[in-house]
**Student:** 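I have a structure here, written as structure tokens, and I will follow up with some questions on it.
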Amino acid sequence: MASNTEPKPNILVVDDEPLVRDLIVQILEPEHVCQTAGSGEEALEIFKSGTFDLVMSDINMGGMTGIELIPQLLALSPDTVIVMLSGNQTIDSAIDAIRSGAFDYVKKPFDIDHVKVAVDRALEHHNLLRDKRLYENHLEELVRKRTEELNYLSYYDLLTRLPNRTLFEDRLSQAILLMQENQQIALLFVSLDGFKKVRDTLGHDSGNEILQAAGKRLLSEVSENTTVARFEGDEFGVLLPQVASTEEAAEIANRINNALKKPYNTGGSEVFITASIGISFYPDDGKDAQALLKNAAAALLTAQEGGGDLYYFYTTGMNSDALRRLALESNLRSALARREFEMYYQPKVDVATGKISGMEALIRWNQSHTGFISPSEFIPLAESTGLIIPLGEWILSDSCLQGKKWHDEGYDLSLSVNISVRQFQQPDLAERLSAIVHETGFDCKFLDLEITESAIMNDPEVAVRTLNELRQLGIKISLDDFGTGYSSLSYLKRLPIDILKIDKSFVDDVTNNTDDAALVEAIITLAHTLNLKVVAEGIETKEQLEFLQRLNCDEWQGYLFSKPVPVADFARLLVAQQTS
């Protein structure tokens, strides 16, 4: 029986005898909605305008039989349940009906209760069929949606909703296949400069907001047929399937750079980020997607090494440079364990006495396979990869141990050690240095840390705090390469430093160029006014030294006395000075 809240079941009664039809309708109504048909053909016509939950059909009718009707009805409505009616008393007709797809079989003349029971059972079976179909449809829908989600995950970046690298490469391959003659495809590899530092400072959420904003800005600067994708981290790809010239690609790269360098508002802060872009072209720079991506990445690396906020076109040779850099980075990571580094020392000489007063510690790398590698090559690499932190601590520890040995031998020499920008930005720098000098037994009052202007002026307020912490340990501070950076005299007065080092570029022409001479004189006078010691670098001639002597410069170093030398050679310089 159907409840008041459910629709009444629809039943079609098919029989060529009107009395039978009317009797069944009388039995089933009003709990069911009944409709009648006098033949199988009429029943099929009725089914064209709607289906039924249950069909009760006679087997033997003029024209189409009930057995013939069954498969045609089920083809139109698989959930419809069919109960056969027959005056044939043999079991054969019942078996034929069931084999054809009928659910049940009722013999004539029929008992009213028997009909009701058969109808209830048939409708219950119909409900099961319907629920099963709904469940299967639901499962199919879930599978479809899940498949769509997996496809989305496979081809799109969830954070920015941009295509990912997989889809980008597929579209690049398709663009190559479809390219017409006299056309070019341009691939732009974009990376946000300094993004990792910004994310580490502001947090992961702010970093995500910047990436989302950057993706939108990239889309706003290109046409609809352009693919913009996020690869990983802060890297994006831009596919220009048709460009008329390199100038057009350059114009788009400029627009992208200008768009990305506009301020980002996140977490209540205004953040400025530039971008580096590497560009490659099909067919000139590669015949397939992988070659174009590799070459664009090589051009990107060149842009990054150029300081960022740049775009570079790929040129032959960039890949070999990139591979060398990759190999160098790999070797650099294990060089400490293989003890391939060695400390060299360059003497500092007292201008007044001409005696060695100290030494600057300088690292050298004698790579086991390739020989000596220039510090100008591996130090920037160590800085960019973060390896400068363990490398810098090794430099300080090894040079302090050596300085302690010379002190024990009676040489009271100052020790100058360079501190990189990345080292200087460590919040616990003072604690790290204190631990190292304590472990080595080196006296802090002889230690002089050389720090560049750029390291200090990047964030002067924080720098002043760090410098004060170092000076409280008794460590002296040298401002290295003074005059080559972008410091101001107002900050120079506030900086807790002890020594100014005049860069070699100012000293080279002091005996020939009156402007350089006046500049060096002004620096020395300014430093002495601020009670700072002055060290001049790169002294190569007697005339340069005499000039510094006249200006009362405090110390100097350079090839005129000695280039940087290994420990054994430096020891010989000390002995030679003692015996001269």
**Student:** Is any side-chain heavy atom of N331 less than 4.5 Å from a side-chain heavy atom of W365?
**Tutor:** yes
**Student:** About how many Å separate OG of S191 and CG of D234, when rounded to the nearest 0.5 Å?
**Tutor:** 4.0 Å
**Student:** Any Lys/Arg nitrogen of R230 or E235 sitting under 4.0 Å from an Asp/Glu carboxylate oxygen of the other?
**Tutor:** no
**Student:** For a quick check under 3.5 Å, do D508 and Q544 share a side-chain donor-acceptor pair by atom type?
**Tutor:** no
**Student:** For residues D157 and T160, is any side-chain donor paired with an opposing acceptor at under 3.5 Å?
**Tutor:** yes
**Student:** Give a yes or no on whether the ring-centroid distance for Y314 and F281 is below 6.0 angstrom.
**Tutor:** no
**Student:** Are the side chain of S206 and the backbone N or O of G203 linked by a donor-acceptor pair below 3.5 Å?
**Tutor:** no
**Student:** Taking the side chain as everything from C-beta on, heavy atoms only, tell me whether V464 gets closer than 4.5 Å to P496.
**Tutor:** yes
**Student:** Side chains of F570 and Q402: closer than 4.5 Å at any heavy-atom pair?
**Tutor:** no
**Student:** Got a second to check how far K348's NZ is from M359's CE, nearest 0.5 Å?
**Tutor:** 10.0 Å
**Student:** Identify whether the distance between the nearest side-chain nitrogen and carboxylate oxygen of R165 and E169 falls below 4.0 Å.
**Tutor:** yes
**Student:** Ignoring hydrogens and geometry, is there a side-chain-to-backbone donor-acceptor pair from S478 to D480 under 3.5 Å?
**Tutor:** no
**Student:** Working to the nearest 0.5 angstrom, can you tell me the gap between E393 CD and I436 CD1?
**Tutor:** 4.5 Å
**Student:** Taking the side chain from S269 and the backbone from N265, do they hold a donor-acceptor pair closer than 3.5 Å?
**Tutor:** no
**Student:** Quick one: salt bridge (charged side-chain N to carboxylate O under 4.0 Å, His left out) partners of K261, sequence neighbours excluded?
**Tutor:** D309
**Student:** Using a 4.5 Å cut-off on heavy atoms from C-beta on, say whether the side chain of F442 contacts that of L447.
**Tutor:** yes
**Student:** Hey, what do you get for CD1 (I497) to NZ (K476), rounding to the nearest 0.5 Å?
**Tutor:** 14.0 Å
**Student:** side-chain hydrogen bond (donor to acceptor under 3.5 Å, both in side chains) between T274 and D193: does it pass, once the steps are laid out?
**Tutor:** CA-CA 5 Å; T274 58; D193 300 323; 2.7 Å; yes
**Student:** Taking side-chain contact (heavy atoms from CB on, under 4.5 Å) as the test, write out the residues that go with S420, two or more places apart.
**Tutor:** E383, I388, R422, Q423
**Student:** Who passes salt bridge (charged side-chain N to carboxylate O under 4.0 Å, His left out) against E521, sequence neighbours left out?
**Tutor:** none
**Student:** Mind checking the CG-CD spacing from L332 to Q367? Nearest 0.5 Å is all I need.
**Tutor:** 10.0 Å
**Student:** State, without any angle test, whether S414 and D448 hold a side-chain donor-acceptor pair at a distance under 3.5 Å.
**Tutor:** no
**Student:** Got a sec, which pairs hit side chain to side chain donor-acceptor pair (under 3.5 Å) with one end in residues 435-444, sequence neighbours left out?
**Tutor:** none
**Student:** Assess whether atom CZ of F272 is packed by more than 12 heavy atoms of other residues, nucleotides or ligands within 6.0 Å.
**Tutor:** yes
**Student:** Looking only at atom types and distance, does a side-chain atom of S154 sit under 3.5 Å from a main-chain N or O of L150, one as donor and one as acceptor?
**Tutor:** yes
**Student:** When you measure from the centre of the six-membered ring of Y264, is the NZ or CZ of R217 under 6.0 Å away and within 45° of the axis?
**Tutor:** yes
**Student:** Considering only heavy atoms from C-beta outward, does the side chain of H528 approach that of V534 to under 4.5 Å?
**Tutor:** yes
**Student:** Just to verify, what does D515 make a salt bridge (charged side-chain N to carboxylate O under 4.0 Å, His left out) with, not counting sequence neighbours?
**Tutor:** none
**Student:** Parallel under 30°, tilted from 30 to 60°, perpendicular over 60°: which one fits the rings of W394 and F341?
**Tutor:** tilted
**Student:** Going by atom types only, do S280 and D285 share a side-chain donor-acceptor pair under 3.5 Å?
**Tutor:** no
**Student:** Any chance you could measure I252, atom CD1, to I256, atom CD1, to the nearest 0.5 Å?
**Tutor:** 7.0 Å
**Student:** Can you list the residues that meet the salt bridge (charged side-chain N to carboxylate O under 4.0 Å, His left out) rule with E251, with sequence neighbours excluded?
**Tutor:** R255
**Student:** Test L240 against every option in I185, N225, L188 by the side chain to side chain contact (heavy atoms under 4.5 Å, CB included) rule and name the one that passes.
**Tutor:** L188
**Student:** Just by distance, do the side chain of T466 and the backbone of V462 share a donor-acceptor pair under 3.5 Å?
**Tutor:** yes
**Student:** Hey, is E377 close enough to R364 for a salt bridge, meaning N to O under 4.0 Å?
**Tutor:** no
**Student:** D554 side chain to V535 main-chain N or O, any donor-acceptor pair under 3.5 Å?
**Tutor:** no
**Student:** With a 4.0 Å cut-off, would you call E270 and K262 a salt bridge?
**Tutor:** no
**Student:** Within the 4.5 Å heavy-atom criterion, are Y345 and E360 side-chain neighbours or not?
**Tutor:** no
**Student:** Give a yes-or-no answer on whether the side chains of Q557 and K563 include a donor-acceptor pair shorter than 3.5 Å.
**Tutor:** no
**Student:** What are the two closest heavy atoms between R199 and G207, and how far apart are they?
**Tutor:** CG-CA, 4.2 Å
**Student:** Keeping D288 on the side-chain end and A291 on the backbone end, is there a donor-acceptor pair under 3.5 Å?
**Tutor:** yes
**Student:** Between S505 and D503, does any side-chain donor sit less than 3.5 Å from a side-chain acceptor?
**Tutor:** yes
**Student:** Determine the sole option in F168, F236, F231 for which the ring-ring contact (aromatic ring centres under 6.0 Å, His included) test with F189 is passed.
**Tutor:** F231
**Student:** Could you verify whether a donor N or O on one side chain and an acceptor N or O on the other, from Q304 and S276, lie under 3.5 Å apart?
**Tutor:** no
**Student:** Give a yes or no on whether a salt bridge exists between E537 and K504, defined as a side-chain N under 4.0 angstrom from a carboxylate O.
**Tutor:** no
**Student:** Looking only at atom types and distance, does a side-chain atom of N257 sit under 3.5 Å from a main-chain N or O of L260, one as donor and one as acceptor?
**Tutor:** no
**Student:** I want to check something: taking the side chain as every heavy atom from C-beta on, are D284 and Q184 in contact at a cut-off of under 4.5 Å?
**Tutor:** yes
**Student:** Would you say L310 and I277 make side-chain contact, with heavy atoms under 4.5 Å?
**Tutor:** no
